[in-house]
Novice: 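My structure is below; once you've seen it, I'll send some questions.
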2 protein chains.
Amino acid sequence: MQYARPVPSGASQLVQAALRSFAASGFEGASLQRIADAAGLSKSSVLYHFDSKEALLDAALRPAVVDLRDLLGTADLDDPAGTQAFLARFVDFLFAHRLEVAVLVNHGSALRGQPVVDEADALVVEVAHRLRPADASDRDAVRFGVALAGAAFVLVGADRWATEQLPDEELRPLLAAVLAELVLPAAPQPA
Amino acid sequence: MQYARPVPSGASQLVQAALRSFAASGFEGASLQRIADAAGLSKSSVLYHFDSKEALLDAALRPAVVDLRDLLGTADLDDPAGTQAFLARFVDFLFAHRLEVAVLVNHGSALRGQPVVDEADALVVEVAHRLRPADASDRDAVRFGVALAGAAFVLVGADRWATEQLPDEELRPLLAAVLAELVLPAAPQPA
DNA sequence: GAGCGTACTGCACGATCGGTCAGTCCGGTT
DNA sequence: AACCGGACTGACCGATCGTGCAGTACGCTC
């Protein structure tokens, strides 16, 4: 009898190693050899499980894109309460897919043309568009952009610039609160 | 007699080509060959003007780091007016060094150990630290992080996600205003 | 035990990588 | 005319890149 497979040998740990490498070094900077070494396999094995380096990227990012699409599909953004709930789930998404978000946010512009990346970009545009009320000003739009980009980036670069590292479970509600503060039109502003 | 040199032949356009390549493809993704082609020179010429690829990166990022250090050195952050003035100049800095900021923000984590990058990171930490008032809460700190990262990223990824592109000169004051709104403790917030 | 599919590997390939080096061209001095 | 130094180049190097391919070890079913 076999319990939970102790080492999820094979493709799944290749995906994890690839994700780490892509996030740390970018797609071109990461080599199949180093990914294979990190996963404890040979370079040939990588290309046995995945047709190409691009296919490996696709496999690594796909779950995050699926999750984001689901999140957007079930979102209710008609009232402030729904929007706030969505933002909390969005922050959860960011936490759940840190590495994927890092790849998309930092190295996405070099990956235009990769289907996964293009899909992810389209979803981000949709998030921004649906969050924006009909009567939003340009300034509101800029604030939304800063909020979304900032939230993603605080998470992605947390280990890089954070002087005093907040533990994830303290940062999560704070990030959700700040996001809500910036996105909800509640915040009164002069003129 | 010679007016302003029409094509600033040589090293300076190599630096520009390199900056564009690094910003678009990352340090490892950019090759000396492609940089040379973009500058209309041979690969050998790149290594004639710069000792190594790393030296080229240094030359490309150095002016931005110098400007940021100057900006920080002359900053007066003791009162809200001084802080607001600093933020406007910070936004100007982001606009003036878009490509350098893109390299540092997107690919900086892969460039740890490069002296220019480490210096830039240290300056960013100093900006965040000096902006933060003594009585700032964790939530304030998160909002500052979102604001700074978001501002940088809105500029860096503007061409990627912006649905309706704002011209620079409209975006600039909006970004400064939003930054001030987020950083200055002026914004009233419930509990 | 023959046969088969899955997981995995070593080896070799052409291309490209960053970098070295000897040499060419050319305007300015002497 | 001889010389010099800066700008620039082509040929070449060893290493590494992504990828193709033949082969091996193992567990399963007839």
Side-chain angles (χ1 to χ4, degrees), chain A residues 1-3 5-61 103 107 110-117, chain B residues 1-3 5-61 103 107 110-117:
Chain A
M1 174 171 191
Q2 181 171 347
Y3 304 90
R5 199 179 304 186
V7 175
S9 170
S12 66
Q13 55 188 140
L14 268 178
V15 167
Q16 275 212 333
L19 207 41
R20 270 192 286 265
S21 279
F22 290 152
S25 314
F27 180 70
E28 299 203 68
S31 80
L32 296 183
Q33 185 67 66
R34 279 201 290 264
I35 292 171
D37 291 347
L41 293 176
S42 72
K43 189 173 65 163
S44 299
S45 290
V46 181
L47 290 156
Y48 163 75
H49 286 288
F50 306 94
D51 285 344
S52 67
K53 200 185 181 185
E54 279 80 12
L56 179 55
L57 176 74
D58 190 288
L61 298 184
V103 173
H107 310 290
L111 294 173
R112 279 241 176 90
Q114 302 287 340
V116 219
V117 176
Chain B
M1 172 171 193
Q2 181 173 347
Y3 303 91
R5 196 179 306 183
V7 174
S9 170
S12 66
Q13 54 186 141
L14 269 177
V15 167
Q16 275 210 334
L19 207 41
R20 270 192 287 266
S21 280
F22 290 153
S25 314
F27 181 71
E28 298 202 68
S31 80
L32 295 183
Q33 185 66 67
R34 280 200 290 266
I35 292 171
D37 291 347
L41 292 177
S42 72
K43 188 175 69 164
S44 299
S45 290
V46 182
L47 290 156
Y48 164 74
H49 287 287
F50 305 94
D51 285 343
S52 65
K53 200 185 182 187
E54 280 79 13
L56 180 53
L57 176 75
D58 190 287
L61 298 184
V103 173
H107 311 290
L111 294 173
R112 280 243 177 89
Q114 302 286 340
V116 220
V117 177

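Scope of the values below: all heavy atoms of this structure, side chains included, with no hydrogens, waters or symmetry mates. Naming: A, B, ... by sequence-line order, numbering from 1 per chain.
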Novice: Give me the atom names and distance for the closest heavy-atom approach of B/Leu111 to B/Phe27.
Specialist: CD2-CB, 3.6 Å
Novice: At their closest point, which heavy atom of A/Ala36 faces which heavy atom of A/Val46, and how far apart are they?
Specialist: CB-CG2, 3.7 Å
Novice: Taking all non-hydrogen atoms of both residues into account, name the closest pair between B/Leu41 and B/Gly10 and its distance.
Specialist: CD1-O, 4.3 Å
Novice: Under 4.0 Å, heavy atom to any atom of DNA chain D: which of residues 36-51 of chain A qualify?
Specialist: A/Lys43, A/Ser44, A/Leu47
Novice: May I have all residue pairs that pass side-chain hydrogen bond (donor to acceptor under 3.5 Å, both in side chains) and include part of residues 40-59 of chain A, sequence neighbours excluded?
Specialist: A/Ser42-A/Ser45, A/Asp58-A/Arg62
Novice: A/Glu54 has an atom CD; how far is it from atom C1' of D/dT19, in whole Å?
Specialist: 11 Å
Novice: Taking all non-hydrogen atoms of both residues into account, name the closest pair between A/Glu28 and B/Ser25 and its distance.
Specialist: OE2-CB, 4.1 Å
Novice: Output, in order, the C-alpha distance, side-chain angles, deciding distance and verdict of side chain to side chain contact (heavy atoms under 4.5 Å, CB included) for A/Leu56 and A/Leu47.
Specialist: CA-CA 9 Å; A/Leu56 179 55; A/Leu47 290 156; over 6 Å; no
Novice: Taking only heavy atoms on the protein side, list every residue of residues 16-31 of chain B lying under 4.0 Å from any atom of DNA chain C, sorted numerically.
Specialist: B/Ala30, B/Ser31
Novice: Starting at atom CD of A/Gln33, determine the distance to atom C1' of D/dG18, rounded to an integer number of angstrom.
Specialist: 11 Å
Novice: Out of curiosity, B/Ser21 OG to B/Leu32 CG, how far, rounded to the nearest 0.5 Å?
Specialist: 9.5 Å
Novice: Set out, line by line, the N/O atom pairs under 3.5 Å between protein and nucleotides 25-28 of chain D.
Specialist:
none

Novice: For DNA chain C, note the earliest and the latest nucleotide, 5' to 3', having some atom under 4.0 Å of a heavy atom belonging to chain B.
Specialist: C/dC17 to C/dT20
Novice: List the atom of A/Ala110, the atom of B/Ala24, and the distance in Å for their closest heavy-atom pair.
Specialist: CB-O, 3.1 Å
Novice: Measure the shortest side-chain to side-chain distance between B/Leu14 and B/Ile35 over non-hydrogen atoms and say whether it is less than 4.5 angstrom.
Specialist: yes
Novice: Indicate the atoms forming the closest heavy-atom contact of A/Phe50 with A/Ala59, along with that distance.
Specialist: CE2-CB, 3.6 Å
Novice: Which angle, to the nearest 10 degrees, lies between the helix axes at the two ends of the helix from C/dG1-D/dC30 to C/dT30-D/dA1, each defined by five pairs?
Specialist: 20°
